[in-house]
Amino acid sequence: MHQEWVDAIQDDWPPVWAVIEAARAASGEDMAAFLCWLGVRLLECHRVLKDTGSLYLHIDHTAHAYVKCLLDGIFGRKNFRNEVVWSYKTGGASRSNFSRKHDTILFYSLNSHYAFNLQKEKAYTKSKSRRPGIINYGSGNAEFFEDKEGVYNLVNMRDVWDISYIGSTDIERTGYPTQKPLALYERIIQASSNPGDMVLDPFCGCATTPVAAERLGRRWIGIDVWEGAYDLVAQRLNDSRQLLTEIPPEVVKLTDPPERTDYAETSPVPDLKLKAQREPEPWEKLSRADITRILSAAQAATDGVVCAGCGRELEREFMELDHITPKSGRGANHILNRILLCRPCNGRKRNHFTLIGLMAENKKAGVKWMKDEARAKLTQSKAAKWAEWVRVNFGNREYRDFIGRL
């Protein structure tokens with residue numbers, strides 16, 4: 001875990017942080033840490049995903065409920081498309097519960113314009129072939145076929161997929177502990193992309209995504225922290241039995257992380273007239289903890305800290321850090337746009353109101369909410385002056401001494 005991950009989620013994605021806090025309360029610190037670790041990666045996937053693209057996330061029962069809520073917070077519940085159940089048969093059974101023989105794949109898009117190619121599956125009937133030797137025959141408006149399993153027609157694919165697990169003698173088997181079958185990945189890639197499209201797997205592990213994408217004529221990028229991932233990708237792509245071609249593709253290995261494109265002097269896509277992002281100044285990178293300590297000193301009173309929204313004086317533990325102009329209104333994360341509010345004021349402000357809007361709402365509610373308007377405004381002024389002093393003096397000896405005293 002890194003503090004900067006937590007700060008980024010708390011500052012920019014309050015719904016995601018709420019899910020992590022709920023998981024912490026229900027399942028403990030380990031689950032909260034896992035969701036932070038996964039969350040920052042999903043946020044980056046959301047950032048780079050094409051408008052017509054989709055995200056598929058495989059998860060088992062241990063974290064499925066939390067990850068579903070996490071994705072709702074990132075992509076929006078309306079962009080949830082399917083919960084695909086991958087059903088399989090493996091050895092082993094339990095005497096104390098139903099045998100766990102399925103995993104879940106969560107399918108999301110950025111919007112309603114995502115690419116989707118409807119897939120078909122076999123639906124077997126109880127009928128017996130009335131015309132031996134004829135494989136394809138019609139019955140009403142449906143077209144029926146016959147194979148060794150019986151008579152079937154093709155119907156739109158359901159969200160329950162019966163796909164066999166990789167057996168011990170299967171040519172796909174690599175020994176990688178979490179390897180998934182090619183048939184599973186091919187079905188996903190066929191449904192949500194077209195030949196020539198780019199497929200990204202940020203956890204490509206044993207190379208199943210690269211192989212499946214290559215077989216289906218897609219471009220692909222695989223990322224993995226495991227040092228052996230590249231060798232396994234190259235090995236599997238040189239296996240004509242898996243790739244279905246005698247000519248292996250060229251695989252480029254990159255070990256240095258790519259340059260960031262979200263901070264740039266000029267927009268990386270000028271034709272789209274995007275607003276160029278600049279690299280933040282050092283003082284703009286203060287952590288939430290540092291900002292909270294500085295504003296606690298700026299808003300301090302005789303026996304506690306004064307809320308900048310209602311003027312109440314409370315213990316520091318009852319104060320929460322918030323934006324003056326919310327992120328939804330293009331507010332920044334740096335100290336010039338941060339303030340300490342009591343919990344009731346922060347709950348009322350949420351991510352909708354500016355600080356001025358909160359004050360107006362508090363005044364409408366009367367003394368129940370607005371305890372001392374003059375004191376609240378004075379506190380806002382003190383906080384702004386301290387924040388400006390930090391901006392001007394950041395990094396010099398006077399600032400370091402000041403932080404040391406805090």
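- For Arg236 and Thr208, the side-chain atoms include at least one donor-acceptor pair closer than 3.5 Å.
- By the 30° and 60° cut-offs, the orientation of the rings of Trp283 relative to His334 is tilted.
- Note: Leu216 CG to Ser193 OG = 7.5 Å, rounded to the nearest 0.5 Å.
- Within the 3.5 Å criterion, the main-chain N or O of Met31 finds no donor-acceptor partner in the side chain of Arg24.
- Side-chain contact annotation: Gln3 with Ser287, donor-acceptor N/O pair under 3.5 Å absent.
- Cation-pi geometry between Lys68 and Phe80 is satisfied (NZ or CZ under 6.0 Å from the ring centre, within 45° of the ring normal).
- No hydrogens or angles considered: nothing links the side chains of Asp170 and Tyr165 as a donor-acceptor pair under 3.5 Å.
- The backbone N or O of Ala387 lies less than 3.5 Å from no partner atom in the side chain of Arg391, so there is not a single donor-acceptor pair.
- A side-chain donor from one of Arg288 and Gln10 sits under 3.5 Å from a side-chain acceptor of the other.
- Panel note: side chain Arg218, backbone Met198; no donor-acceptor pair is recorded below 3.5 Å.
- Ring geometry for Phe75 versus Tyr108: interplanar angle of 30 to 60°, hence tilted.
- When side chains are defined from C-beta on, Glu313 counts as touching Arg375, because their heavy atoms get closer than 4.5 Å.
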Between Glu83 and His64, does the side chain to side chain donor-acceptor pair (under 3.5 Å) criterion hold? Intermediate values first, please.
CA-CA 10 Å; Glu83 179 176 286; His64 165 262; 2.9 Å; yes
